[in-house]
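What follows is one structure encoded as structure tokens, with my remarks underneath.
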Amino acid sequence: GEDPLMRGSLIHRAMERIFSANDVEPVLLQMMGQGEIDQQQLLEWKEKINRLIGQPEIAPYFAEGLTTKPEAGLFDQNGNFFRPDRVVLMKDKTIVIDYKTGKAYQKHREQIMRYAGLLSEMGYPNLKKMILYLDENKVEVV
């Protein structure tokens with residue numbers, strides 16, 4: 001079967017390039033064209049990703065024309081490096097989103113709390129934290 005780690009990293013690569021629902025198919029087609037995924041994965045992921053980001057509580061953060069924080073990482077006081085998967089900047093709030101494949105773990109919550117803490121220290125307002133579980137089509141608001 002599929003190597004879960006490999007799969008996780010490929011899905012992350014896809015999600016990094018998906019800014020809105022309109023990007024899902026073009027990004028996956030491009031990955032297929034480059035031989036990173038096959039037709040079956042394309043169909044499976046297209047359905048999973050669209051279903052997840054189409055959920056009412058998530059859809060607003062995948063609308064066209066949003067401002068997102070560039071893929072820059074965050075450092076804490078101890079010099080540890082963190083990189084949230086997606087940070088959406090809105091006028092009155094900041095949404096931190098992490099993508100996961102597989103099952104939910106407590107450490108996922110701790111990780112996103114840490115991201116939010118660092119962003120808050122940097123002056124970003126009203127942090128909203130969400131973990132998207134692609135395999136389980138589940139959104140966890142932390």
Side-chain angles (χ1 to χ4, degrees), residues 2 4-142:
E2 245 181 340
L5 275 177
M6 179 75 181
R7 180 168 181 273
S9 92
L10 276 171
I11 290 183
H12 265 91
R13 289 244 285 284
M15 293 306 291
E16 267 173 22
R17 292 184 256 175
I18 292 172
F19 294 102
S20 83
N22 299 343
D23 300 326
V24 177
E25 192 159 19
V27 164
L28 293 175
L29 282 168
Q30 189 186 18
M31 289 176 79
M32 190 170 86
Q34 291 164 344
E36 294 181 81
I37 61 174
D38 61 24
Q39 178 89 43
Q40 188 190 338
Q41 285 168 307
L42 180 136
L43 295 170
E44 180 203 341
W45 294 8
K46 189 174 104 170
E47 189 203 350
K48 280 190 169 171
I49 295 168
N50 279 325
R51 197 173 57 188
L52 187 60
I53 71 178
Q55 290 190 28
E57 56 188 318
I58 292 294
Y61 310 126
F62 284 90
E64 278 291 338
L66 289 174
T67 306
T68 54
K69 186 172 166 24
E71 279 293 295
L74 311 166
F75 287 94
D76 68 8
Q77 316 77 311
N78 306 320
N80 297 312
F81 179 77
F82 303 100
R83 205 184 80 173
D85 291 331
R86 180 177 175 82
V87 179
V88 179
L89 308 175
M90 292 178 141
K91 209 169 64 205
D92 52 347
K93 60 182 168 179
T94 309
I95 300 89
V96 190
I97 298 175
D98 243 3
Y99 309 119
K100 300 292 178 197
T101 49
K103 298 247 172 293
Y105 290 107
Q106 179 58 33
K107 65 169 198 237
H108 296 163
R109 303 178 67 120
E110 289 161 10
Q111 189 181 39
I112 202 163
M113 299 286 285
R114 191 171 294 153
Y115 296 156
L118 292 170
L119 286 161
S120 179
E121 284 169 23
M122 291 164 72
Y124 290 95
N126 284 339
L127 276 121
K128 192 174 160 86
K129 303 171 285 294
M130 302 178 120
I131 306 175
L132 306 192
Y133 289 97
L134 285 148
D135 288 324
E136 301 184 354
N137 191 37
K138 193 178 89 173
V139 178
E140 187 173 353
V141 180
V142 180

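These numbers were taken from a predicted model, which means no experiment stands behind them.
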Residue pair Y115 / V87, side-chain heavy-atom distance below 4.5 Å: no
Side chain to side chain, M90 and L66, heavy atoms closer than 4.5 Å: yes
Plane angle bin for Y99 and F62 - parallel if under 30°, tilted between 30 and 60°, otherwise perpendicular: tilted
Main-chain N/O of D85 paired to D98 side chain as donor or acceptor, under 3.5 Å: yes
Residues R83, E16: salt bridge by 4.0 Å N-O rule: yes
side-chain hydrogen bond (donor to acceptor under 3.5 Å, both in side chains) involving N126 - partner list, sequence neighbours excluded: none
Nearest-0.5 Å distance that lies between atom CD in E121 and atom CG in L119: 9.5 Å
Non-hydrogen side-chain atoms of M130 and I95 separated by less than 4.5 Å: yes
Smallest separation among heavy atoms of Y61 and R86, with atom names: O-NH2, 2.7 Å
Spacing of L134 atom CG and I11 atom CD1 [to the nearest 0.5 Å]: 5.5 Å
Which residues share a side chain to side chain contact (heavy atoms under 4.5 Å, CB included) with K91, sequence neighbours left out: none
Minimum heavy-atom distance A14-V27, with the two atoms named: O-CG1, 3.7 Å
Atom CD of Q106: over 12 foreign heavy atoms under 6.0 Å: yes
Atom pair CD1/CD1 of I112 and I131 - distance to nearest 0.5 Å: 5.0 Å
From CG (L132) to CD1 (I58), nearest 0.5 Å: 4.5 Å
Backbone N/O of K46 and side chain of N50: donor-acceptor pair under 3.5 Å: yes
Min side-chain heavy-atom separation K69-T94 under 4.5 Å: no
Heavy-atom check, side chain of L43 versus side chain of Q39, under 4.5 Å: yes
4.5 Å side-chain heavy-atom contact, V24 and I53: yes
Between CG on residue N137 and CD on residue E47, distance to nearest 0.5 Å: 9.0 Å
Identified side-chain hydrogen bond (donor to acceptor under 3.5 Å, both in side chains) partner of Y133 from the options K138, H108, K103: H108
Nearest-0.5 Å distance that lies between atom CG in N80 and atom CZ in R114: 7.0 Å
Check against salt bridge (charged side-chain N to carboxylate O under 4.0 Å, His left out), E136 and K100: CA-CA 10 Å; E136 301 184 354; K100 300 292 178 197; over 6 Å; no
For F75, all residues meeting side chain to side chain contact (heavy atoms under 4.5 Å, CB included), sequence neighbours excluded: F81
Non-neighbouring partners of K93 that pass salt bridge (Lys or Arg N to Asp or Glu O under 4.0 Å), sequence neighbours left out: none
Over all atoms of both residues, closest heavy-atom pair of G54 and A59: O-CB, 4.1 Å
Those residues that, when tested against D135, pass salt bridge (Lys or Arg N to Asp or Glu O under 4.0 Å) (two or more places apart): R7, K48
Considering only distance and modelled atom types, tabulate donor-acceptor pairs under 3.5 Å from the side chains of residues 30-37, sequence neighbours left out.
from	atom 1	to	atom 2	distance (Å)
Q30	OE1	R17	NH1	3.3
E36	OE1	R13	NE	3.3
E36	OE1	R13	NH2	2.3

